[in-house]
Amino acid sequence: MTLVIQKINAYRPEHYKLLLDADPSLKSIATYLSRSTAFELTDQHQPVGIIVVMPTEPLTAEIMNVAVKPEFQDQYLGSRLIQFVVDYFNEDPDFTALTIKTGTTSFKQLYLYQKLGFRCSEILTDYFKNPEIYPNDIYENKMLLRDAILLKRTLKV
């Protein structure tokens, strides 16, 4: 495997497929994509992972989406993408923290984010029950997804 992480300058259909793997709402993705910076993880010039980050408040950027193709999962590639973004924003004096949201039923993701230094910061009640963004119920791990957890990591420590 020849893995490279590089900035995305133009989104292709393969990028949208990855984005939809992590967020099933194209409406949700459309709310942040144009205001974000995105990086792709490629293997032999083919995207196998993506991470999208957007400034959300003074000194803070949020990881809006991170996804790895199913056949490349469980190889620490999601960790690699997140660590790349942590290092990237650690070098930027305009940011002191990164945040990420995930569902309360997203057990694998919650484990990963906490392992990478993110701490639970806030519960966003009924976050996934907005019919304008998520018109259909989302089930994950055989549970109805309703709430999101906001996790935060301090940079430059």
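The structure presented is a predicted model; accordingly, all values stated were derived computationally and were not measured.
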Problem set entry | Contact check, side chains of V48 and F72, non-hydrogen atoms, under 4.5 Å | yes
Exercise. Going by heavy atoms in the side chains, are N65 and Y32 under 4.5 Å from each other?
Worked result: yes
Exercise. Quick one: does N141's side chain have a donor or acceptor within less than 3.5 Å of a partner on M143's backbone?
Worked result: no
Problem set entry | Donor-acceptor pair, side chain of K156 and main chain of A97, under 3.5 angstrom | no
For this session: Check I29, I138, L19 against P24 for a side-chain contact (heavy atoms from CB on, under 4.5 Å) and give me the one that passes.
Result: I138
Exercise. Are any of the side-chain heavy atoms of K129 and D137 separated by less than 4.5 Å?
Worked result: yes
For this session: Flag yes if F89 and V52 sit in one hydrophobic cluster, no otherwise; membership is Ile, Leu, Val, Met, Phe, Trp, Tyr, and two members link when side-chain heavy atoms are under 4.5 Å apart.
Result: no
For this session: May I have the step-by-step check of salt bridge (charged side-chain N to carboxylate O under 4.0 Å, His left out) for D74 and K108, ending in yes or no?
Result: CA-CA 11 Å; D74 299 320; K108 192 174 178 180; 3.0 Å; yes
Exercise. Hey, any chance L59 and V86 share a hydrophobic cluster, counting ILVMFWY side chains that come within less than 4.5 Å of each other, even indirectly?
Worked result: no
Problem set entry | Residue pair K17, E14: steps toward the side-chain contact (heavy atoms from CB on, under 4.5 Å) verdict | CA-CA 5 Å; K17 182 169 179 5; E14 310 95 291; 5.7 Å; no
Exercise. Any donor-acceptor pair under 3.5 Å linking the side chain of T31 with the backbone of S28?
Worked result: yes
Seminar exercise, completed: Note: T2 and D43 closest approach over all heavy atoms is N-OD1, 3.0 Å
Exercise. Can you find a heavy atom in the side chain of I63 that is under 4.5 Å from one in the side chain of T99?
Worked result: no
For this session: Please confirm whether the backbone N or O of V68 pairs with a side-chain atom of Q73, one donor and one acceptor, at under 3.5 Å?
Result: yes
Exercise. Between the side chain of D21 and the main-chain N/O of A67, is any donor-acceptor distance below 3.5 Å?
Worked result: no
For this session: Show your reasoning for whether side chain to side chain donor-acceptor pair (under 3.5 Å) applies to T56 and E62.
Result: CA-CA 6 Å; T56 53; E62 181 175 341; 4.8 Å; no
For this session: State, to 0.1 Å, how close L144 and T105 come at their nearest heavy-atom pair, and which atoms those are.
Result: O-CG2, 4.1 Å
Exercise. Taking a hydrophobic cluster as the set of Ile, Leu, Val, Met, Phe, Trp and Tyr residues connected by side-chain heavy atoms closer than 4.5 Å, whether directly or through intermediates, do F84 and L41 fall within one such cluster?
Worked result: yes
Exercise. Which heavy atom of S121 sits nearest a heavy atom of K152, and at what distance?
Worked result: CB-CB, 4.2 Å
Exercise. Can you check whether F39 reaches I50 side chain to side chain, under 4.5 Å on heavy atoms?
Worked result: no
For this session: Go through T125 and D147 one step at a time and tell me if the side chain to side chain donor-acceptor pair (under 3.5 Å) criterion holds.
Result: CA-CA 5 Å; T125 305; D147 307 323; 4.7 Å; no
Problem set entry | E91 atom CD: more than 12 heavy-atom contacts under 6.0 Å | no
For this session: Indicate yes or no: at least one non-hydrogen side-chain atom of I82 is less than 4.5 angstrom from one of L112.
Result: yes
Exercise. Considering all heavy atoms of both residues, which atom of F128 and which atom of G103 are nearest to each other, and what is their separation?
Worked result: CE1-CA, 3.8 Å
For this session: Could you check if a side-chain atom of Y16 sits within less than 4.5 angstrom of a side-chain atom of L33, using non-hydrogen atoms only?
Result: yes
For this session: Over all heavy atoms of both residues, which pair between S25 and Y134 is shortest? Give the atoms and the distance, please.
Result: CB-CE2, 3.5 Å
For this session: Run the numbers on I100 and Y113 for side-chain contact (heavy atoms from CB on, under 4.5 Å), then give the verdict.
Result: CA-CA 8 Å; I100 190 166; Y113 304 152; 3.4 Å; yes
Exercise. Do R153 side-chain atoms and L116 backbone N/O form a donor-acceptor pair below 3.5 Å?
Worked result: yes
Exercise. Considering only heavy atoms from C-beta outward, does the side chain of V53 approach that of S36 to under 4.5 Å?
Worked result: no
Exercise. Quick check: does any side chain N or O of Q114 sit under 3.5 Å from a backbone N or O of L110, one acting as donor and the other as acceptor?
Worked result: yes
Exercise. Can you name the nearest heavy-atom pair linking C120 to I149, along with the distance?
Worked result: SG-CG2, 4.0 Å
